[in-house]
Amino acid sequence: MRLKDMSTSKWTGIALYIGSMLLLMEWVLPLGQVTDTGGTHLFIIYIVFCFVISLIQLPMWVAPVLKLTGLMFLLNYIFYEPSFFSLAWLGELLVDLQTSSQALLGQSWIELTPVFRTVLFLILLWMMSYLLYYWFVVVKRPFSFVLLTFVYVTALDTFTLYDGYVAIVRVFVISVLILILANMNRIVDQEDIKVPSGRKMAKWIAPMAVVVFISAAVGFAAPKFEPQWPDPVSFIQAAGQNGFGSGDGSGAGVNRVGYGEHDDRLGGGFIMDDTTVFFATATSPRYWKVETKDQYTGHGWVRSDEGTPTTNESGHFPHISDYGESVERNETEAELQFIDPGHLNKIPYLYGTETVGTTVDGASFYYNHTTGELASIINEEQNLVDEGYYLEAGRPDFPRNAMREVPVEHEESDEMPERYLQLPDDLPERVSNLAEEIVSDVDENRYDYARAIESYFEDSGFEYATSDVSIPGDDEDYVDQFLFDTQRGYCDNYSTSMVVMLRSLDIPARWAKGFTGGERAFQQDVFPGEGSNVFEVQNNNAHSWVEVYFPEVGWVPFEPTIGFENQANFSTGESIDDILDEDRNEDDPLEAPENEDQSDMDDLLDEGNESEEDETVGAIGQDGNFNWLHLLAITIGTLLTIWLTYMYRSRITASWKEQKLKRKPSAKTITKSYQFILKLLEREGYQFQSGETLREYAYNVDRMLGDRQMTELTQYYERFVYREEDLNQESDQFYQTWRKLTKQILSK
Amino acid sequence: MNQQMAKQQTKINELVENIEKVMVGKREAIELTIVALLAQGHVLLEDVPGVGKTMLVRALAKSVDLQFSRIQFTPDLLPSDVTGVSIYNQKEMKFEFQPGPIMGNIVLADEINRTSPKTQSALLESMEEKHITVDGVTMRLNDPFFVLATQNPIEYEGTYPLPEAQLDRFLLKLKMGYPLKQEEITMLDRTSNVHPIDTLTPVMTREELLEKQNEVRDVHVSDSIKKYIVEIVSNTRKNPLIQLGASPRASIALMKAAQAYAYIHGRDYTVPDDVKYMAPHVLSHRLLLTSEAKFEGKTDKQILEDLIKKTMIPIERGS
């Protein structure tokens, strides 16, 4: 029996220690992301190494030697060229350590070498393996470390870019298991309980697994409050002027808004970032184009052809605006001054730009007609200059009538590469079906089709949102999910969906990226009488839209995103209906909104309100398909809670009564506690016979249970009832006996 | 209090063990006798001759160092043979009272149902009143005063059954029963040389006994227990098998007996177990069964046991 006990506590010890190792790993994992620590996997390996050695319980002197050897091996692997066994590197290491130790003593922290820091960190991990062994296995008090881990992960999640979404679930599951095991271990020790084996053990483990699984699942699926305060990360970063945003829609999780390079995995919400990217001096806030992408993968955008840039020192690129003759042009100028471009190393430009220039000597420019990228080359490197740029543009006025004459489907004579019609093979059919449905009662021409799809989203109750935007799974299509499942998203969702639907109708289209016009930086006119103003373009203004190809006209921008306005000019049609119809797309400089790129046109004010309302409703209704899942989870959770409460009602009442008895052993409490025992026993099948005295009953119960606790308890109770004296000093003995007996009955 | 109680219990145990030297395997009867002694009640022993009734009383008297007297009841015994008689002393020229056997501390009234009711009542009245009146002079009986009356079962011929009112005056009615074979052998062994009663030495003084009798009165009887006692007694009056139930005097007797029983078990408070245990002994001789019950062959003990089983036992304060 004793041997068996020992082995049980040994196994729980091992389990606890492994749990502590997993928790320690959760400490190391985020380091790569939140600090400049590299090679976290090597540290993880070292942790596992140290823990395994501790677990084996080698003789006193072997373990440290092994751990030190592991440390040295790792150092050699990371920092030194010569092989581990050559020993030549040891000299270097010693020199390193020596200089660093001196620097340490001299408090010149900056001189500490990476080798030294790594050595210190590895030693820390080594020590942790000892410390955790002591905490978890020897004294069996894991709670403080568990709590610290939670604090650590949540703090990192809150204050850094680290996303603890999955980590917190892992930590939760590990922690709960650890706490349960540790508690069990303690109870077994204290109460001297025989540890069950086989089926009884399974009976014991099953509820534990169920509890852990259910609580994790319910916690995961349950609706959560929105954050009660704005995410501090952007503030922290703004404070540190540290803008290294990963970009607008570069992939998984919540991103910071801003211009980014990677669009191959779109989706997920983002957080606002008001870092200024550049100031632009212009007559009105226009879209700033940076580049276009042509190939839709089902999850995002990539380029099928990187193109060949043309380099030009003068900065004159008539190609940028190779519009057809039917397009009228208005001369305009603009200036750009970069403040914090982050990852942006290309020059944003206006539609119709012909010339770009800078005051810096020796700068040349290149333009890539395929990708639409414009950049400056300084000292043979693609770079943006602090001095800024000026742009000369002939702003296009797209002729609506001419565009209406373009047939819907792409023709060979368009001389347009097929890649602008590309669609992934596994694009769900319902996307193209929807496109066809949208245009079913529209005049059959390319322009009207494009307009119909552009306005579809706003007319069909789609919702503009930057948070809670889903990321499609590997087997889901980004556009399909947005159009049919979530109907909630931001520019990337709308623009990508429009391009894909247009292409499904055989209309050449591509995806354009850049910035919206930004906000006026100053209330007063900076250049009175000149009609130009300074606009501040922030990371928040990063945007994406659609370009549709019209033969004889060129690439025409469209704006499907709800709340955004197409800033391009379209020349007025002849019929008055046309004017009314297209009014919202007109851009009369006199009436143009000064700084708003959101829906601020007079007739759109109402719609703006509506869209706000929609958002509120949407927040409650959430995404239709998740609703029933939540409901199901909550129902199952509630039912399980009820069931568990019913199953464990005796235990729950017992612990409640125990507290009461311990705190305030009044006459009533004592009577109730004793009667509770009688009830428990009755439930266990020890029926109280009529005419049976407490003494006789207790004797019979004890004979069944195999000890004398009921008799002992009954003696106290008899004295209390029949002698009519308060228990006073005996109340503690009564409590202790009561507690033991309750546990014994409940463990039956 | 507890320590004192423990001391008392040891003393009582000594007494019981002392008597057990003579009475083999009769612990229950010994205990009950002591209960009656401590509760200041009297015992009616109903059994066949030769099972040790006399020996029990003698052993008790010897152990407590009390004056023992014995009255052998015969049909021709007169009341004055019990109480004593005044005889004219010619030398002194006056009547002198010659005390009868009742003037002892422990009185064995052997075969009480063999004598005439007149003599019986002389004894029974003195038991209750604790004094006697002879020739116009009232005399107090000794303290303690304990009567142990024996009677042969009523079926035997030539007996005068005690009337119900008289029976009520006994606290308990006991039956000795035959000893087990092994016990009987032990008994033979012990009596082979000297009779053990001759070697018995007192383990308690008269004063100690009186003190204990006083202490028994102080044993706590909670309200719930009192209610339980009354409940049992009143149930005997409702039972269809019982023609005449127990009297209120029975309630008092049951309480006293329970007190004494709790006392000899080292408690200064009574528990329902005391009442439950004592009830058949206290009540069985106070009931008059209906002829149906007799016809069905039910004994008073059985009926009482059923009745007690059906009575709710208090398990809370003041209930």
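Letters go in sequence order (proteins before strands), and every chain restarts at 1.
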Please round to the nearest 0.5 Å and tell me the distance separating atom [atom1] of [X] and atom [atom2] of [Y].
X        : Y        : atom1 : atom2 : value
A/Glu724 : B/Tyr269 : CD    : OH    : 12.5 Å
A/Thr693 : B/Tyr277 : OG1   : OH    : 13.5 Å
B/Ser222 : A/Glu725 : OG    : CD    : 12.0 Å

- In terms of heavy-atom pairs under 4.5 Å, which option from B/Lys310, B/His220, B/Arg267, B/Met312 contacts chain A the most?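 Heavy-atom pairs under 4.5 Å are most numerous for B/His220.
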- Item | Heavy-atom proximity to chain B below 4.5 Å, by part of A/Ile670 |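 Neither part; nothing is under 4.5 Å.
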- Message: Tell me if the CZ atom of A/Arg141 is crowded by more than 12 foreign heavy atoms within 6.0 Å.
- Response: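 12 or below, so no.
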- Query: For atom CE of A/Met208, is the number of surrounding heavy atoms from other residues, nucleotides or ligands below 6.0 Å larger than 12?
  - Reply: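 Enclosed.
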- Checking side chain to side chain contact (heavy atoms under 4.5 Å, CB included) against A/Arg695, which of B/Asp274, B/Ile313, B/Asp273 comes through?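 With A/Arg695 as partner, side chain to side chain contact (heavy atoms under 4.5 Å, CB included) holds for just one option, B/Asp273.
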Note, [X] side chain near [Y] side chain (heavy atom, < 4.5 Å):
X        : Y        : value
B/Glu316 : A/Gln675 : yes
B/Lys276 : A/Glu696 : yes
A/Tyr722 : B/Thr270 : no

- Item | A/Phe688 to B/Ile315 - nearest heavy-atom pair and separation |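 Result for this residue pair: CZ-CG2, 4.3 Å.
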- Task: May I ask you to check if B/Arg317 and A/Phe720 form a cation-pi contact, with NZ or CZ under 6.0 angstrom from the six-membered ring centre and within 45° of the axis?
- Result: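 Yes, B/Arg317 lies over the aromatic ring of A/Phe720.
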